[in-house]
Protein chains: 2
Amino acid sequence: MSPKTETSAIAFRKHDHRRCQRQLLSEARQLCEARKLRLTSRRRQVLEILLASHQPLGAYDILAELNRVDSAERIAPAIVYRALEFLMAEGLIHRIESRNAFISCIHPGHHSAAQFLICRDCEQVAEFENIDPGLLSAADNLGFAVDHSVVEITGVCAECQKHGD
Amino acid sequence: MSPKTETSAIAFRKHDHRRCQRQLLSEARQLCEARKLRLTSRRRQVLEILLASHQPLGAYDILAELNRVDSAERIAPAIVYRALEFLMAEGLIHRIESRNAFISCIHPGHHSAAQFLICRDCEQVAEFENIDPGLLSAADNLGFAVDHSVVEITGVCAECQKHGD
DNA sequence: CGACATAGTGTTATATTATAACGTAACTTA
DNA sequence: TAAGTTACGTTATAATATAACACTATGTCG
């Protein structure tokens, strides 16, 4: 396994997730500061909810979590979608199209193409950077100008295979 | 441009679409016959609507088209979704996750992984077969068992670049 | 043929995901 | 502090998808 794979597939490896979480939040703060953007408390709340795991959450799951934590409020969907829009625009989270869900990015702010391996059993998601050069060269041969890529591979991770489905 | 690319990127090339359409419908019929499956008239209608172009259509677009063509009926969403489910299971169409839409498959019945280049201007979609070997080998190194892949690259095709956006 | 089993369809209702529109609050900067 | 801008809150609704159940068509075996 290459060092690159080690970093990318952190979701599928035991790691100190508290530290992972703190690290990513701190990178997000720095990034917003550098870009003169406001990581408001709503945006931070939504990011923190996503940073809590390497699993994708639906917008309404995030909404439920916000409403659970601060049970005095009754937050509406638009609020969550707006925070998600901001976080995606800044490369702090990704949308998993095949699940209508969102996940924290492990390389915050890199706008490069991401690829995901999604375990359908434990729902952990590993993120990789950089898209298939073969496909890119096919696009290039066609004169196709690439903008955005969605690469989502679903399957069963090694751990879940061990435990049986 | 390789011969493979020529075939795959048919959507981005001038071609006799009538013939393309007839050919794919006939392949679908043969495939269902071979598999002892019923290509009922509903299923055929939905397939034909998708075969009419190399553009993805939403389930509700298909529904509207069914209701337009046979204005006596008032068809419900479930009917369309059921036909789509059958056609996907048999590899006659694909779902484009990044658009919540469906498109006819140009290699009917091959259950192999498909990859798409989607023009955000003309909405034509080119389909390629076989997934990035680099990503597959990363999956393999992790002991990740791949089931299903979603590879959707959005951009602007050569023709639309010429015409300016 | 006729009774049964199964697969497909039609219908109603509802769940899930996402956005539009508009007013208010908070921050920023002169 | 006033004006401009950005973000938030609220209400309503749009767009996408599925569940549940009754009815119909098709196949099949006695």
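Below, read A as the first sequence line, B as the second, and so on, with proteins coming before strands; counting in each chain starts at 1.
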Decide whether B:Leu63 and B:Met88 are clustered together by the hydrophobic rule: side chain heavy atoms of Ile, Leu, Val, Met, Phe, Trp, Tyr closer than 4.5 Å, transitively. yes

Cluster question for you: counting only ILVMFWY and a side-chain heavy-atom cut-off of under 4.5 Å, with indirect links fine, are A:Leu47 and A:Leu37 together? yes

Rounded to the nearest 0.5 Å, the CG atom of B:Leu39 sits from the CD atom of B:Gln30 at a distance of 12.0 Å

Out of curiosity, A:Glu127 CD to A:Ile10 CD1, how far, rounded to the nearest 0.5 Å? 11.0 Å

Here the residues of residues 38-47 of chain B within 4.0 Å heavy-atom distance, strictly under, of DNA chain C are B:Arg38, B:Thr40, B:Arg42, B:Arg43

For A:Ser104, run the side-chain contact (heavy atoms from CB on, under 4.5 Å) check against A:Leu50, A:Leu87, A:Leu92, A:Ile49 and tell me which one passes. A:Leu50

As an exercise, state the distance from CD of B:Gln115 to OG of A:Ser149, rounded to the nearest 0.5 Å. 11.0 Å

Rounding to 0.5 Å, atoms CG (A:Leu31) and CD (A:Glu90) come to a distance of 7.0 Å

Verdict with supporting geometry, A:Arg29 and A:Glu33, salt bridge (Lys or Arg N to Asp or Glu O under 4.0 Å): CA-CA 6 Å; A:Arg29 279 192 214 279; A:Glu33 193 168 1; over 6 Å; no

Considering heavy-atom distances to DNA chain C, does B:Leu37 or B:Pro77 have its closest nucleotide positioned more toward the 5' end? B:Leu37

How does the hydrophobic cluster around B:Ile96 look, that is, which other residues are in it when side-chain heavy atoms under 4.5 Å mark a link? B:Ile103, B:Phe116, B:Ile118, B:Val125

Using a strict heavy-atom distance below 4.0 Å, which residues from residues 89-100 of chain A are in contact with DNA chain C? A:Arg95, A:Asn100

DNA chain C-proximal residues of residues 78-87 of chain B, any heavy atom under 4.0 Å: B:Ala78, B:Ile79, B:Arg82

Rounded to the nearest 0.5 Å, how far does CD of A:Glu129 lie from NE2 of A:His107? 4.5 Å

Listed once per pair and sorted, the side chain to side chain donor-acceptor pair (under 3.5 Å) pairs that draw on residues 73-87 of chain A, sequence neighbours left out: A:Arg42-A:Glu73

Nearest 0.5 Å please: distance from the CD atom of A:Glu123 over to the SG atom of A:Cys119. 8.5 Å

Under 4.0 Å from a heavy atom of chain B: give me the 5'-most and 3'-most nucleotides of DNA chain C that qualify. C:dG8 to C:dT12

